[in-house]
Amino acid sequence: MGRLGDRPRALPREQLRGMRRGIEKESLRTRPDGALAQTPHAFALGSALAHPHITTDFSESQLELITGVHDSAEACLQELTRIHQVAYRAIGEELMWVGSMPCALPAEAQIPIGRYGRRMQTISGIHYNWSMPGLANAEYFSLIRNFRRHGWLLFYLFGASPAACASFVAGRAHPLQELRPGTMHLPHATSLRMGRLGYQSDAQSTLVVSCNDLLAYGKTLQQGLTQVYPAYARIGIREPGAPGDGPASYRQLSTTLLQIENEFYGKIRPKRRIQPGERPLHALRERGVEYGEVRLMDLDPFAPVGITAPVMRFLDVFLLHCLLTDSPADTPEDIACESRNQETVAQRGREPGLQLSCFPGDLGLGEWGEKLLAECAPIAAAVDGALGGNAYREAHEQQLAVLRDPLLVPSARVLLEMQRGHQGSYTDFICELSRRHRALLMARELPREEAERFAQLAAESHEKQQQAEASDTLPFEEYRKQYLAVERLGSYGGPAARPAKEA
């Protein structure tokens, strides 16, 4: 489990008060009937390329809503709610799909995305960005190694995608079972999104990224960014005979295993804000880790904006646990074992008596979870001691209750509510919740100053895009070659233990 001892009590209160968090939340836009919206990104939302809070991910149909950095879960949730209110007022009658697994999808060719498969990239989730002042690179990587060891617990406690529309797996092999016509599921799954059918890449299974330190991380990630992958080489870079030199004529940016750093599907990643035109790996190597990006959280379909403040507080506690417990160096064997545990919990997490690999032997999911949560209790108390109140202890106790009652986990609630009120239909269930949350958010008052601020941000984003396009005289092919040049990734050297600034 790793030794914790008196470390929670030894954390300076000012350091705990300096914790910061921010959220990036993806949601598909759908029509009121739940079908995928094929409309362009609404002009009133601003430029998806230049807006600081409202953009798109892999498709114009997938919104990405981004908060700033906040000193409390409540403040972060408030801003995320405001962004939802603004977005809903701009997209008319369309919905933001509240499930991580997508709505009923059209034919694959009609989904305007896709190096790794268009359907896979319609999956949505939440990224939780977390930092604490005074942490060195070595401490962030220690946290990341423990997160990879114990992240399966978050799959169990917060996974909310045990079912999917049949259109998601149409025409391909899969292990899902039919719950009713049009709905597929796995009876004990917690997160299909994070399982083999979800946000995974068979190609990336060959990439073993070490998190022992910044040097090892940079070296192994760079291998994926520079080594040609035969299957992608066969695809080619450009459409044969495509006219012009615009991005639309390109099938992919490169034939390497990873085109860019953000294609690495780690459940948690070390991050550093980049300067204009800078590669993320270069930023890490030159200036060190600034924050950790947690990427495994499903959308909570029961929450209007996909997450709640108590869940954020528990994530804070869990990340502190990963930081404070002993964190041995990883090995390829460890990394493979951790991946198996995560995949097992994603697909079979609610299976009675489930055993996980825990060196030197196996351990029951419930027993291991109880030990981890017992170690989290003094951390929650320490945070409350620094901030005042009981909110962190209550968040911890809530998840302890969830661990002890399999019917309380979100994945079980989703299946129960689907069958209770929607005859087992995934799309009907999520569509009704999407309508309900839309109505709730539209009914809430949006302060005039906030509406005006976002209108100004939208106008400024359009202006920034126009200025960028007017000043862009470099042919796209030349830009592509320059951006992907290996020299832009930085050197293997870099700060080994430089304190990182707050996110």
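Nothing here was measured: the structure is a model prediction, and the numbers come from that model.
- Contact check on R17 versus E14 returns a salt bridge, with a Lys/Arg side-chain nitrogen under 4.0 Å from an Asp/Glu carboxylate oxygen.
- By the 4.0 Å N-to-carboxylate-O rule, E343 lies too far from R340 to be salt-bridged with it.
- A salt bridge is absent between R295 and E24: the closest approach of a Lys/Arg side-chain nitrogen to an acidic carboxylate oxygen does not fall below 4.0 angstrom.
- Using the six-membered ring where Trp is involved, H53 and H51 have ring planes that are perpendicular, over 60° apart on the 30 and 60° scheme.
- R29 contributes a side-chain N or O that, together with a main-chain N or O of T39, makes up a donor-acceptor pair within less than 3.5 Å.
- Using a 4.0 Å cut-off between charged side-chain N and carboxylate O, E432 and R436 make a salt bridge.
- Without hydrogens or angle criteria, Y392 side chain to A382 main chain gives no donor-acceptor distance under 3.5 Å.
- Applying the ring pair (Phe, Tyr, Trp, His ring centres under 6.0 Å) test to every pair with at least one member in residues 400-438, sequence neighbours left out, gives these pairs: H422-F429.
- Under the 4.5 Å side-chain criterion, counting only non-hydrogen atoms from C-beta, I54 is in contact with V86.
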For residues 402-410, tabulate all N or O donor-acceptor pairs below 3.5 Å that involve a side-chain atom, not counting sequence neighbours.
from : atom 1 : to   : atom 2 : distance (Å)
R404 : NE     : E370 : OE2    : 2.8
R404 : NH2    : E370 : OE1    : 3.2
D405 : OD1    : L407 : N      : 3.0

task: Check the pair R82, E79 against salt bridge (charged side-chain N to carboxylate O under 4.0 Å, His left out), reporting the backbone distance first and the verdict last.
output: CA-CA 5 Å; R82 290 278 189 260; E79 185 183 19; over 6 Å; no
Report all side-chain donor-acceptor pairs from residues 452-460 shorter than 3.5 Å, counting only partners two or more places apart or in another chain.
from : atom 1 : to   : atom 2 : distance (Å)
R453 : NE     : E450 : OE2    : 3.2
R453 : NH2    : E450 : OE1    : 3.3
Q456 : NE2    : E460 : OE2    : 3.0

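- No hydrogens or angles considered: nothing links the side chains of E375 and T325 as a donor-acceptor pair under 3.5 Å.
- Seen from the ring of F168, R172 counts as a face-on cation partner, given the 6.0 Å and 45° thresholds.
- Side chains of Q465 and E469: a donor on one and an acceptor on the other come within 3.5 Å.
- Across all their heavy atoms, G349 and L365 have their closest contact at O-CD1, 3.7 Å.
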